[in-house]
Amino acid sequence: MAHSPLAAIFACVLLASCSAPSQPSPDSEPISSTSQAVEACPPANTVLGIDISAYQHPNGAAIDWGQVAASRRFVIIKASEGTGYTNSYYADDANQARAHGMIVGAYHFLLFNHDGAAQADKFLASVGGNIASGDLPAMLDVEDVNHSATPGQRVAIMQAWLDRVEQVTGRKPMIYSGSWYWGPYMGNPSGYAGVYPMVWAAYVNGCPKVPDGFPGLTMWQYLGDEGSTPGIPAACDQDMFYGSESELLALAQACKPHCEGSVIAGADCGKGDCAAYGSKCVDDNLGVRCAFYACPDQGTADVCLDDKILGHCDNGAISTGDCSAFGAYCSTAGNTPGHCASVFCVASATEVPKEHDTCLPDGKRVHCDANGGISAADCPADKICLQGPNGAVCGGKNPPQGWLDSVSCEGAIGWAQDADEKEKPISVRMSYGEGSGGAGAIGLVVTADLDRADLCKAIGSCKHGFEALLPLSLFDGSSHATHASGVDSQGGPDAELSSSPATMKCKAVIPAGIRRHVKNPDSYASWGFSDAFDRLPSTDIEINAVQAGPDAPDAPVLVKANDGSPEVWLIDGTSRRHVPDMQAFTAWRFSWGKVGSMASSKVAALSLGPDLPPRPVIVQAKSGAVYLIDVAIGQDPGSWPGAGSERGWSARKPISFAGSSDDSSCSVAADVGAHGSRGWLLLVLGAVVARRRTTPAAPHRSGNRRSGKRPRT
């Protein structure tokens with residue numbers, strides 16, 4: 001390209017457009033007064049090549065490309081100059097060099113008296129319209145000293161050529177120049193080195209010098225057209241590529257990246273096995289690349305590599321983090337994206353996280369979100385974290401205590417107290433059947449507020465006894481567990497009472513009396529009957545053996561006389577029937593809000609029927625008909641199941657109207673487990689069942705007999 005004066009003389013014989021430079025040559029390397037020079041020494045790996053023009057065919061002599069290829073890996077051939085010159089040897093030289101395995105490039109000598117884009121079109125036409133894959137990018141020779149132009153004009157013409165060629169070829173061209181020219185003639189423009197591959201001419205001993213700030217060279221033309229190359233009739237420029245052969249192939253786009261199974265072939269013609277790194281080879285619209293086995297080929301995703309390592313995928317590439325370093329599992333449970341779930345929120349990486357509170361080993365309460373993330377949820381200063389069956393709660397320092405003293409076919413009795421509030425009655429949660437609160441269990445809540453003299457000294461407070469009905473549906477001759485748990489007064493978890501669970505084993509016996517047809521489901525609902533607590537297992541033979549009576553009323557009608565008398569009456573046709581005590585009022589789930597007032601004269605005018613039984617008993621025939629078992633006229637209801645002292649109650653409590661306007665004092669919730677539905681069948685009888693104040697106080701009982709035992713505390 002740039003020639004020494006002697007070489008220029010010979011070149012001009014062949015090329016009328018060529019003239020010997022009268023300005024400094026690459027031998028002297030001036031930088032400019034405004035730029036400092038730094039050395040750009042070759043790296044450890046380099047590749048040798050040449051560049052040639054028509055000058056290397058003196059008198060039409062041929063080039064022996066076999067010899068050239070034996071000592072040089074690449075050749076850059078002049079294709080054009082300005083807008084009028086095309087090297088007639090270019091096409092044949094390029095084809096011959098390729099045929100002998102050399103990497104080929106083409107260059108254009110830029111003149112500053114022609115339009116840059118027009119010169120680019122000339123170059124493209126000279127090389128056949130484009131640069132083939134496997135060839136080096138087009139190179140622009142920037143060293144014209146024969147045409148006057150300012151540095152700014154020169155840069156503009158150069159940039160127009162570069163833009164046009166890049167637009168057509170899709171590759172950034174290389175720029176050939178040198179310190180002797182880049183500063184004095186081009187003004188040392190910025191924005192080129194590091195953006196375009198730079199080929200630097202510097203015929204010096206040692207390392208070439210480049211302007212300060214250059215990020216590096218692509219090639220160094222280390223010897224001008226005085227270099228001898230076997231196979232070429234005339235001396236030519238000698239080039240050195242700054243890099244390995246694979247890097248030179250990549251610059252030439254000599255190989256098309258592709259997949260061969262798990263093996264990836266790169267643009268540098270090298271190959272590697274993606275599988276060796278736990279990946280697969282992928283070739284799609286994003287290109288050829290190794291994609292990690294656990295990642296989708298495209299898009300982002302979070303995955304678990306094991307129960308500790310969390311990976312973030314980005315178009316097949318993965319970055320990882322260690323969940324265990326933060327006391328967590330890597331979890332995808334519940335078909336969720338990979339995430340870190342705290343070991344305090346899930347027991348293993350496979351457990352599906354759910355939102356709940358839990359207690360840490362140091363006693364602090366934390367909140368676990370639906371992904372297993374953890375956040376503080378401290379308890380108030382006066383409470384502690386307590387682990388319950390449904391998560392942690394903040395409660396008192398002392399759990400409830402008590403005993404399930406006995407369970408018989410007449411009922412369950414016991415006591416319960418919360419030491420955090422010793423005088424306050426607490427609720428007791430009863431569970432019959434399939435475990436404490438288990439699926440299919442039958443439940444109710446009673447209040448432990450019965451006066452028991454045996455508790456006064458033992459636990460420091462007397463009114464903590466409780467009594468509870470048993471569900472008649474379990475009177476089937478089989479053994480069933482009965483659980484009793486105290487409800488913490490401070491909001492803590494329930495605590496199962498001592499001797500719980502106990503076992504009930506009762507046989508169904510239809511009490512003597514009459515059967516009364518409950519005509520329809522609306523009537524059944526109006527009475528508030530419970531399949532779980534009121535329906536006694538029975539056969540059609542047993543039901544038909546009971547004398548038939550009149551149909552049951554459609555709904556209960558309760559009244560009291562307006563003369564202030566204490567009795568509550570159930571209106572049954574033309575009769576009035578006494579509700580004998582609070583136990584019966586509660587067991588029938590009557591509500592104070594539905595007790596009406598009637599003139600005493602009208603009450604007295606009604607015939608007197610038998611007292612209401614202590615609790616409802618219903619049976620169902622195979623046909624589906626439901627019957628209420630009722631006492632017959634003249635029958636003593638005291639023999640009813642669960643009646644009198646055989647239930648374990650010390651005395652029956654008569655109804656008092658003090659505060660009876662407060663319906664909540666005796667309200668009963670409906671049984672939610674009717675007709676065999678599963679789940680926690682909660683029958684809230686506590687507010688009423690357990691309000692049976694006894695006089696005198698009931699001692700501790702065991703079974704159905706009175707006992708002198710002290711309470712177990």
Side-chain angles (χ1 to χ4, degrees), residues 1-5 7-8 18-43 51 76 78 81-82 107-116 119-120 137-163 165-166 172-226 237-242:
M1 296 176 192
H3 308 298
S4 67
C18 178
S19 60
S22 58
Q23 303 299 326
S25 73
D27 299 291
S28 57
E29 284 200 286
I31 299 296
S32 79
S33 59
T34 59
S35 178
Q36 298 296 317
V38 294
E39 290 186 336
C41 296
D51 66 57
I76 304 175
K78 182 174 182 178
E81 180 175 325
Y107 77 88
H108 176 85
F109 192 93
L110 187 67
L111 299 181
F112 292 108
N113 63 338
H114 294 286
D115 177 74
Q119 293 188 73
M139 185 173 79
L140 181 61
D141 187 343
V142 182
E143 57 174 330
D144 176 21
V145 296
N146 294 322
H147 299 95
S148 298
T150 65
Q153 291 170 334
R154 293 174 186 271
V155 169
I157 293 171
M158 176 180 69
Q159 189 63 58
W161 191 96
L162 295 171
D163 290 344
V165 171
E166 182 177 358
K172 284 193 175 296
M174 299 187 292
I175 299 175
Y176 170 95
S177 192
S179 296
W180 67 275
Y181 190 88
W182 194 252
Y185 289 88
M186 301 297 292
N188 198 26
S190 61
Y192 289 90
V195 177
Y196 295 89
M198 302 299 289
V199 182
W200 213 244
Y203 313 142
V204 295
N205 293 323
C207 299
K209 294 181 179 179
V210 298
D212 185 19
F214 260 47
L217 300 180
T218 299
M219 293 183 186
W220 171 26
Q221 188 175 99
Y222 61 91
L223 185 62
D225 53 7
E226 297 171 350
D237 299 328
Q238 304 293 310
D239 300 330
M240 179 187 295
F241 174 73
Y242 273 32

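Summarising the geometry of W200 relative to G178, their closest heavy-atom pair is CZ2-C, 3.5 Å, with the distance given to 0.1 Å. The two atoms that bring V142 and S177 nearest to each other are O-OG, 3.1 Å, heavy atoms only. Residues W182 and P211 share a closest heavy-atom pair of CD1-CG, 4.3 Å. The two residues P42 and C207 make their nearest non-hydrogen contact at CD-SG, 4.3 Å. Between P208 and A202, the closest heavy-atom pair is CB-CB, 3.8 Å.
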Side-chain polar contacts of residues 190-197 - donor-acceptor pairs under 3.5 angstrom, sequence neighbours left out - could you list them?
residue, atom, partner, partner atom, Å
Y192, OH, Q159, OE1, 2.5
Y196, OH, Q159, NE2, 3.2

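For A149, the side chain to side chain contact (heavy atoms under 4.5 Å, CB included) partners are F112, Q153, R154, not counting sequence neighbours. With sequence neighbours excluded, the residues satisfying ring pair (Phe, Tyr, Trp, His ring centres under 6.0 Å) with W161 are H108, F123. Every residue two or more places apart in sequence or in another chain that forms a side chain to side chain contact (heavy atoms under 4.5 Å, CB included) with L223 is listed here: Q238.
Within the 4.5 Å cutoff, the side chain of V210 has no heavy atoms near those of the M198 side chain. No side-chain heavy atom of D141 sits less than 4.5 Å from a side-chain heavy atom of E81. No side-chain heavy atom of D239 sits less than 4.5 Å from a side-chain heavy atom of W220.
Atoms CE and CE, on M158 and M186 in that order, are 4.0 Å from each other to the nearest 0.5 Å. Atoms OH and OG1, from Y242 and T218 in turn, are 10.5 Å apart once rounded to the nearest 0.5 Å. Summarising the geometry, atom CG belonging to D144 is positioned 7.0 Å from atom CG belonging to N113; distances are rounded to the nearest 0.5 Å. Here the CD1 atom belonging to I76 is positioned 4.5 Å from the CE atom belonging to M174, to the nearest 0.5 angstrom. F241 contributes atom CZ, which lies 11.5 Å from atom CG of L217 (distance to the nearest 0.5 angstrom). To the nearest 0.5 Å, the span separating CH2 on W180 from CD on E143 amounts to 5.0 Å.
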message: side-chain contact (heavy atoms from CB on, under 4.5 Å) for V38 and F214? Distances and angles first, verdict last.
response: CA-CA 9 Å; V38 294; F214 260 47; 5.7 Å; no

